[in-house]
Amino acid sequence: MSKNGKMRVRFAPSPTGALHIGGAHTALFNWLAARHSGGTFILRIEDTDNERSTPEYEQTIMDGMAWLGLDWDEGPKKGGPKGPYRQSEKMCEYTEIADTLIKSGQAYRDGDAVFFRVPTGEQITFDDIIYGEISVASEKASVNTDGTVKDIVLIKSDGTPTYNFAVVADDHGMDVTTVIRGEDHLANTPKQILIYRALGWDTPNFAHLPMILGADKKKLSKRHGATSVFEYKDMGYLPESVFNFLALLGWTPGNDVEIFDRFFAVEKFELSKVTKKPAVFDMKKLDFVNQEHLKAMDPRARYEAIEPFWREMGFDVGKFPAAYLENALVLMGGRGKTTRELAEFSDYFLDFDVVKSRYTANDITPERRENLKNCFGEMLWKFSPDNWEAEKLEDFARGWCDTNGVSLKEIAMPLRFALSGRKVSPGVFEMAALIGRDECRDRLAHFGFVG
RNA sequence: GGUCCCAUCGUCUAGUGGCCUAGGACGCCGGGUUCUCAGCCCGGUAACAGGGGUUCGAAUCCCCUUGGGACUGCCA
């Protein structure tokens with residue numbers, strides 16, 4: 001951890017794809033560790049594979065992190081005292097370091113490549129913050145399939161450094177105190193420690209995070225569906241929900257608390273309390289977490305979260321007062337697991353055409369239609385736009401049903417369909433009140449529910 | 001094959017030798033509220049992989065077995 005407990009940690013993605021769930025999880029835990037300790041979060045781009053790395057992917061990874069609210073203190077573009085933060089920009093550093101290893105006889109050139117001589121008879125032991133003590137014989141750290149010792153490639157024939165070499169050079173060069181990364185790197189760590197030792201460098205602390213698995217318990221991949229964080233954004237998951245859910249994979253703040261915000265997570269986070277067991281990504285739980293955050297939002301925030309989806313659906317959001325739409329969402333209550341769902345479920349507040357496309361009223365028998373005409377006719381006659389209030393409408397409807405020997409349902413359901421085109425909605429009278437008398441009259445008239 | 005790692009309800013987890021006849025949450029199944037659905041409230045289902053030790057006592061410590069996973073690239 002180093003001086004005063006402040007950690008210097010880094011998230012080091014290679015820009016060969018969008019920010020996926022696994023990467024986001026790693027980034028999140030690094031961010032949490034940095035923020036909890038009051039330390040520094042570094043973003044380093046590992047783009048030594050120039051075949052697959054692109055600036056576009058680099059940007060989308062940054063965008064993904066920004067969406068999740070994971071801000072970094074040092075990194076490309078932003079800069080910092082230990083830059084550059086893109087491996088492609090510091091190639092000569094790696095060759096220099098490799099040269100010192102060649103001079104000391106610990107590495108050798110073979111063609112254009114540089115190989116590290118793996119020593120035998122040494123024991124490599126380190127204390128992983130999460131996994132505990134790991135110990136491997138040096139001759140087992142890098143082997144061929146037949147079990148013989150295999151020297152480690154430091155510099156590839158094209159002059160670029162390998163991952164295992166660059167990561168050591170950079171973590172040391174950037175004064176990283178704690179390397180927090182996925183468990184898939186656990187087996188690489190002994191190789192890296194060998195390089196640290198050869199260079200006479202202190203090793204940082206290591207903390208390997210459990211992997212995130214799909215429902216089939218296999219490492220999360222494309223075949224499990226959405227893997228990019230932006231796919232979750234598009235599906236209508238809030239960034240705070242994805243943050244919350246990801247934090248729960250391998251960690252808990254304690255006291256059975258499961259729904260929390262970033263501030264709470266930062267305060268409670270403890271790297272040493274992270275679980276070792278791989279965690280299965282469970283969409284059902286994500287839905288639940290999302291719904292909880294959705295319910296907890298104030299009307300304004302909720303409106304701002306839903307608005308983009310309404311626009312995407314083609315609605316002219318701007319023609320409605322924000323208060324009207326906010327109230328519509330308040331009425332929606334706990335309905336909808338995602339912002340996208342909520343936007344869809346509430347579409348009739350913005351547009352009557354969608355209602356017409358869903359409902360024809362041809363399920364209404366002539367007798368029932370007479371009832372509706374009588375009831376709604378009287379209702380429209382009785383209440384002016386100023387008196388068009390939920391409680392009054394409901395009282396009237398109940399009273400009318402009583403005196404006419406009709407169940408409330410007989411009135412409520414057609415009203416619900418006429419207004420929303422759906423069989424599921426918030427309370428009809430609240431809905432009617434918000435939509436307003438005149439618009440209700442028009443909608444009822446369209447279906448022939450008023451004389 | 002080799003090396004390393006992991007193992008509590010279907011899932012996420014609490015649990016660090018006695019408070020565990022194993023707790024919470026999601027899911028699922030009932031019931032209640034009700035103009036529908038969601039929500040909310042109440043209840044239920046369901047786990048310490050197996051076997052040996054250690055100990056007065058083990059989900060917790062050790063060993064073995066089994067089952068998973070990672071790595072074993074001049075990818076990262």
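Small disclaimer: the values here were computed from a predicted structure and weren't measured. Letters go in sequence order (proteins before strands), and every chain restarts at 1.
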Hey, does A:Arg422 reach any base, or is it just sugar-phosphate, or nothing, if we go heavy atoms under 4.0 Å? nothing
Of all the nucleotides listed (B:A25, B:C35, B:C71), which has the minimum atom distance to the side chain of A:Met413? B:C35
Phosphate OP1/OP2 of B:C12 contacted by A:Thr275 side-chain N/O (<4.0 Å): no
Would you classify A:Gln87 as touching base, sugar-phosphate or nothing, given that sugar-phosphate means primed atoms plus P, OP1 and OP2, and contacts are heavy atoms under 4.0 Å? nothing
Within the 4.0 Å heavy-atom criterion, would you say A:Ser142 contacts the bases, only the backbone, or no part of the nucleic acid? nothing
Would you classify A:Ser425 as touching base, sugar-phosphate or nothing, given that sugar-phosphate means primed atoms plus P, OP1 and OP2, and contacts are heavy atoms under 4.0 Å? base
Closest to the A:Pro278 side chain, choosing from B:C26, B:C6, B:C74: B:C6
A:His208 near the nucleic acid: base, sugar-phosphate alone, or nothing, with a heavy-atom cut-off under 4.0 Å? nothing
B:G51 to B:U33 separation - P atoms, rounded to the nearest Å: 48 Å
Comparing nearest nucleotides in RNA chain B, the 5'-proximal residue of the pair A:Phe281, A:Ser135 is A:Ser135
Among B:C35, B:A76, B:C5, which nucleotide has an atom closest to any side-chain atom of A:Leu186? B:C5
Compare the minimum distances between each of B:U11, B:C37, B:C6 and the side chain of A:Lys277, then state the nucleotide with the smallest one. B:C6
What about the rings of A:Phe352 and A:His446, do their centers lie closer together than 6.0 Å? yes
Closest of B:A76, B:C12, B:G69 to the A:Thr162 side chain is B:A76
So what does A:Gly427 touch, heavy atoms closer than 4.0 Å: a base, only the sugar-phosphate, or nothing? base
Selection from B:C12, B:C37, B:C40 that lies nearest to any side-chain heavy atom of A:Arg335: B:C37
Within the structure shown, what part of the strands sits under 4.0 Å from A:Pro426 by heavy-atom distance: base, sugar-phosphate, or nothing? base
Check this for me: does any side-chain nitrogen of one of A:Arg302 and A:Glu326 sit under 4.0 Å from a carboxylate oxygen of the other? no
Does B:G69 have its OP1 or OP2 closer than 4.0 Å to a side-chain nitrogen or oxygen of A:Lys218? yes
Check every atom of B:C6, B:C71, B:C12 against the side chain of A:Asn188 and return the nucleotide holding the closest atom. B:C71
Establish, with yes or no, whether the OP1 or OP2 oxygen of B:A76 is under 4.0 angstrom from a side-chain nitrogen or oxygen of A:Lys156. yes
Rounded distance (Å) that lies between atom P of B:U36 and atom CG of A:Leu408: 9 Å
Can you say whether the rings of A:Phe115 and A:Tyr108 are parallel (under 30°), tilted (30 to 60°) or perpendicular (over 60°)? parallel
Provide the Watson-Crick or G-U wobble partner of B:C37, both distances under 3.5 Å; none if there is no partner. none
Could you tell me the Watson-Crick or G-U partner of B:C61, where both distances fall under 3.5 Å? Say none if there is no partner. B:G53
For a salt bridge (charged side-chain N to carboxylate O under 4.0 Å, His left out) with A:Asp170, tell me which candidate from A:Lys82, A:Lys90, A:Arg8, A:Arg86 qualifies. A:Lys90
Would you say a side-chain N or O of A:Lys273 is under 4.0 Å from OP1 or OP2 of B:U13? no
Do A:Lys285 and B:A25 have a side chain to base donor-acceptor pair shorter than 3.5 Å? yes
Which part of the nucleic acid, if any, lies within reach of A:Gly182 when heavy atoms closer than 4.0 Å are counted: base, sugar-phosphate only, or nothing? nothing
Using a cut-off of 4.0 Å on non-hydrogen atoms, how would the nucleic acid contact of A:Glu258 be classed: base, sugar-phosphate, or nothing? base
Please determine, for the side chain of A:Ala279, which listed nucleotide (B:U36, B:C40, B:U13) has the closest atom? B:U13
What is the distance, rounded to the nearest whole Å, between atom CZ of A:Arg181 and atom P of B:C71? 13 Å
Indicate, with a heavy-atom threshold strictly under 4.0 Å, whether A:Leu249 touches base, sugar-phosphate, or nothing. sugar-phosphate
Look at the side-chain N and O atoms of A:Arg398 and state whether any lies under 4.0 Å from the OP1 or OP2 oxygen of B:C35. yes
Could you check whether A:Asp184 gets within reach of a base, just the sugar-phosphate, or nothing at all, counting any heavy atom under 4.0 Å? sugar-phosphate
Looking for any heavy atom pair under 4.0 Å, which part of the strands does A:Thr252 touch: base, sugar-phosphate only, or nothing? sugar-phosphate
Quickly work out the A:Asp287 CG to B:U11 C1' distance and round it to whole Å. 13 Å
A:Val428 near the nucleic acid: base, sugar-phosphate alone, or nothing, with a heavy-atom cut-off under 4.0 Å? base
Please name the nucleotide paired to B:A70 by Watson-Crick or G-U wobble geometry with both distances under 3.5 Å, or report none. B:U3
Taking the six-membered ring of A:Trp388 as reference, does the NZ or CZ atom of A:Arg441 fall below 6.0 Å from its centre and within a 45° cone about the axis? no
At under 4.0 Å, does any side-chain N or O of A:Lys191 touch on OP1 or OP2 of B:U3? no
Side chains of A:Ser138 and A:Arg197, donor plus acceptor under 3.5 Å: no
Kindly indicate whether a cation-pi arrangement holds for A:Arg422 with A:Phe417, taking the cut-offs as under 6.0 Å to the six-membered ring centre and within 45° of the axis. no
From C-beta outward on A:Lys284, which listed nucleotide comes closest to its side chain: B:C26, B:A76, B:A70? B:C26
Do any side-chain nitrogens or oxygens of A:Lys217 fall under 4.0 Å of OP1 or OP2 in B:A7? no
Any base atoms under 4.0 Å from A:Ala412, or only sugar-phosphate, or nothing? Heavy atoms, all strands. base
For the student: nearest non-hydrogen atoms of A:Tyr348 and A:Pro426, plus distance: OH-CD, 3.2 Å
